[in-house]
**Student:** 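Please see the structure below; I have some questions.
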Amino acid sequence: RYEAYREIDKENVEVSKRVRGEATRYLARAKKDNLLDPHSAPAIFEAVICAYINCNNHVEYSPSFVQVCAPFVITMKSECDVYSCFERLVNVLYESSLDNNINKRVAQFLSYFRTLMPELYDYFEEEELDVGEWASSWLRYLLAKELPIQSVLDLWDVYFATPDYVALHPFVCLAILRHLKDSLEDLEQSEIRSMLLRLPKMNINRIVSQAYNIRSEIQARYGTIVNVRA
């Protein structure tokens with residue numbers, strides 16, 4: 001595996017420039033967590049993401065790849081292992097998007113949101129919040145962009161020990177909304193948007209437990225669960 005990774009072309013001028021810019025912004029935000037080495041991490045992000053794009057021309061680069069890659073940069077000792085984990089996860093997310101496009105997933109997610117938390121849903125509408133902006137990002141990248149990095153690590157630890165974490169993920173998102181409901185209802189549009197795009201640290205085990213309860217609640221209401229895979 002190491003030899004195979006070493007032979008992958010990691011040169012991509014256009015992608016490298018974009019990765020460096022996003023990595024710099026991300027590391028500035030994550031500095032307080034002190035989990036990433038600001039000296040070595042940028043080069044790892046650049047090499048891993050460029051290698052992946054060069055090997056997967058059908059996948060379009062996203063700035064979120066930096067956040068998706070970060071947990072593996074933190075937890076893996078070798079760049080090769082970072083690449084293997086990143087490649088596997090992004091492929092899972094890409095294949096999921098082919099099975100069920102983001103517009104359908106957001107629509108189904110919002111249907112469940114409206115059913116479970118009608119007051120909060122109506123409040124978002126009153127505040128003219130662009131629901132598609134945050135919901136699509138939440139569903140697309142497993143909250144890598146929105147949660148603090150330690151919370152991402154805790155959540156993904158649970159996910160990677162779960163047989164079908166992609167199917168569970170939308171219910172985790174609903175559990176987060178339920179957890180934050182009272183706080184969100186005290187905020188105005190710009191403050192709501194800020195909180196949804198930069199979520200506070202939370203007890204992930206409690207959130208996941210609530211997610212299972214929500215999934216059971218929806219199943220009891222609808223008789224079945226429409227697939228809203230992340």
Side-chain angles (χ1 to χ4, degrees), residues 1-2 4-27 29-30 35-36 41-106 109 134-149 151-170 172-173 197 227-230:
R1 189 173 64 180
Y2 172 77
Y5 175 68
R6 192 175 68 172
E7 292 176 5
I8 295 174
D9 178 15
K10 303 172 186 66
E11 295 292 325
N12 189 315
V13 175
E14 181 183 348
V15 173
S16 288
K17 183 178 179 181
R18 297 170 72 181
V19 171
R20 282 196 297 270
E22 185 60 32
T24 299
R25 289 186 288 273
Y26 177 71
L27 289 168
R29 292 195 302 270
L35 293 171
L36 285 160
I44 299 173
F45 283 128
E46 188 175 341
V48 166
I49 295 172
C50 286
Y52 179 79
I53 293 295
N54 287 344
C55 289
N56 298 272
N57 294 326
H58 57 287
V59 178
E60 186 177 349
Y61 168 77
S62 167
S64 300
F65 284 176
V66 170
Q67 288 91 339
V68 172
C69 188
F72 305 125
V73 176
I74 292 169
T75 56
M76 298 290 140
K77 290 184 178 180
S78 78
E79 187 179 301
C80 174
D81 289 337
V82 173
Y83 177 80
S84 295
C85 293
F86 176 77
E87 178 187 43
R88 185 171 181 179
L89 178 56
V90 175
N91 284 346
V92 166
L93 298 179
Y94 178 76
E95 288 164 13
S96 176
S97 72
L98 294 180
D99 293 338
N100 200 352
N101 75 52
I102 189 63
N103 292 332
K104 289 182 180 178
R105 283 181 277 156
V106 169
F109 173 77
W134 60 269
S136 60
S137 179
W138 280 28
L139 293 172
R140 210 188 282 260
Y141 296 112
L142 304 182
L143 295 165
K145 290 177 62 179
E146 292 80 16
L147 281 172
I149 186 60
S151 296
V152 174
L153 293 171
D154 294 342
L155 179 62
W156 288 14
D157 272 348
V158 175
Y159 278 179
F160 296 155
T162 303
D164 196 0
Y165 60 88
V166 175
L168 176 65
H169 180 67
V172 169
C173 294
L197 296 180
N227 195 343
V228 287
R229 292 169 67 90

**Student:** Determine whether a donor-acceptor pair (N or O, by modelled atom type, separation under 3.5 Å) exists between the side chain of Asp81 and the backbone of Met76.
**Tutor:** no

**Student:** I need the Leu147 CG to Leu155 CG distance, nearest 0.5 Å.
**Tutor:** 6.5 Å

**Student:** Distance check, rounded to the nearest 0.5 Å: Leu168 atom CG versus Cys173 atom SG?
**Tutor:** 9.5 Å

**Student:** Quick one: do Ile102 and Ser97 satisfy side chain to side chain contact (heavy atoms under 4.5 Å, CB included)? Show the steps, please.
**Tutor:** CA-CA 7 Å; Ile102 189 63; Ser97 72; over 6 Å; no

**Student:** Does the side chain of Val172 reach to within under 4.5 Å of the side chain of Trp138, using non-hydrogen atoms?
**Tutor:** no

**Student:** Please answer whether the main-chain N or O of Glu46 pairs with a side-chain N or O of Lys10 as donor and acceptor at a distance below 3.5 Å.
**Tutor:** no

**Student:** Find out whether Arg88 and Phe160 are in side-chain contact, i.e. whether some heavy atom of one side chain is under 4.5 Å from a heavy atom of the other.
**Tutor:** no

**Student:** Counting distance only, does the side-chain N/O of His169 pair as donor-acceptor with the main-chain N or O of Tyr141 below 3.5 Å?
**Tutor:** no

**Student:** Measuring only between side-chain heavy atoms, which start at C-beta, is Tyr94 closer than 4.5 Å to His58?
**Tutor:** yes

**Student:** Does NZ or CZ of Lys145 fall inside the cone over Tyr26's six-membered ring, less than 6.0 Å from its centre and within 45° of the axis?
**Tutor:** no

**Student:** Counting C-beta onward and ignoring hydrogens, is there a side-chain heavy-atom pair between Pro170 and Leu139 closer than 4.5 Å?
**Tutor:** yes

**Student:** Quick one: which of Phe65, Phe86, Phe72 gives a side chain to side chain contact (heavy atoms under 4.5 Å, CB included) with Val48?
**Tutor:** Phe86

**Student:** Does Ser16 reach the main-chain N or O of Asn12 with its side chain, forming a donor-acceptor pair under 3.5 Å?
**Tutor:** yes

**Student:** What orientation do Tyr52 and Tyr83 show, parallel under 30°, tilted 30 to 60°, or perpendicular over 60°?
**Tutor:** tilted

**Student:** Can you check whether Gln67 reaches Glu146 side chain to side chain, under 4.5 Å on heavy atoms?
**Tutor:** no

